[in-house]
Amino acid sequence: MRRRLQGLRALMQREELPAFLITHPPNCRYLSGFTGSSGVLLVTEDSSYLITDSRYREQARREAAGFTIILREGALAPELQSLLEEKGLERLGFEGEYLPFSSYNKFASGCGVELVPTGGLVEKLRAVKDEVEIGLLRRGAALADEAFNYILGVIRPGLTEQQVALELEFYQRRKGAEGIPFPYIVASGVRGSLPHGVAGSKVLREGELVTIDFGAIWKGYATDMTRTLALGRPSQRQREIYRVVKEAQERAREGLKAGMYCSEADALARHPINEAGLGKYFGHGLGHGVGLEVHEKPVLSRRSEEILRPGMVVTVEPGVYIPGWGGIRIEDMLLVEEDGAESLTNSGRELVIL
Ligand code: ZN
Ligand code: ZN
């Protein structure tokens, strides 16, 4: 945690911010360890405060070691004002994306300091994972593999998409996962053309492809993985398009490495899909960072100007979605390294035929 605060202070210095208010819960958790749902952090050059309320008295002391805990009774603005006045600070940075307009107004009239909006400071730190985080993501990814292996023995025509989603969730929660990071996608048959087709009441049928996109939260960290499988003998076209997506995903997995622009990583997978004439059916970006949130920095897309760094954990998830026909996506979580990338999820990528 100390390292993380040091990283933040370096960024604050660069932005000329003597004080910084953190209101986004995953950012608070990242910097302090506090997992409560109500609390903000105030970080200055030499102090760090967790401001919460009496419900979190014990939890805050236990989790946020090194932070001065303030249990506020009234509104947050006057509390902040007195802390800032005490230190003679006149500029306060805040997270522009995570401070509701109504709260901003209260602070603006109640704090008596200059409020400076910032974007993505803590997110920038969070993009590169430390050893502890990598360990948790690795453990979560292994559980996703285990869950996928389990579901292969469960899926059969006649089940609904929702039943498949529930089985996957129960399996992981029984093994200790805290919850799910997003509503699972189980998209069968023609519904496969919906890249975000949340599991519904549709019944799985013989001859369909099924795309399953799922994960879990393991000690705060999200996992995210997708496989597409066939119920019964796949058609020629299903096999052919699967081969293209699989090759695209493999090229990205094998070519990804630190130092590369995220847009270059995207191109690794996009190229073979374009070559096969399917480019217009691959509408989204290659992937995204995964950590305390399931979608975080960096963004791997055609337009992304971010650079991959060692320690980033990102997804690689090319897909082809053809309206009226269906879709195919394969997604893994990769740990970016100096000269390559290691896949944290390792379920087979050959087309599984059930
Ligand atoms: Zn996913
Ligand atoms: Zn994803």
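Excluded from the calculations below are hydrogen atoms, water molecules and symmetry mates; all remaining heavy atoms, backbone and side chain alike, are included. Every number for a ligand or one of its atoms is a count from 1 in the order of the listing.
- Remark: of the listed residues Arg251, Arg253, Lys246, Arg253 is the sole one forming a side-chain hydrogen bond (donor to acceptor under 3.5 Å, both in side chains) with Gln249.
- Residue Phe20 is tested with Leu11, Thr118, Val116 for a side chain to side chain contact (heavy atoms under 4.5 Å, CB included); the sole match is Thr118.
- Among the candidates Arg139, Lys175, Arg174, the single residue satisfying the salt bridge (charged side-chain N to carboxylate O under 4.0 Å, His left out) test with Glu146 is Lys175.
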Side chain to side chain contact (heavy atoms under 4.5 Å, CB included) between Val314 and Met333, worked out: CA-CA 6 Å; Val314 300; Met333 285 167 58; over 6 Å; no
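- In this structure a side-chain-to-backbone donor-acceptor pair under 3.5 Å is present from Arg270 to Phe282.
- Between the Zn ion (ligand 2) and His288 there is an N/O/S contact shorter than 2.8 Å.
- When the options Ile212, Asp213, Leu194 are evaluated for a side chain to side chain contact (heavy atoms under 4.5 Å, CB included) with Ile185, the one that passes is Asp213.
- With a cut-off of 2.8 Å, the protein N/O/S atoms near the Zn ion (ligand 1) add up to 4.
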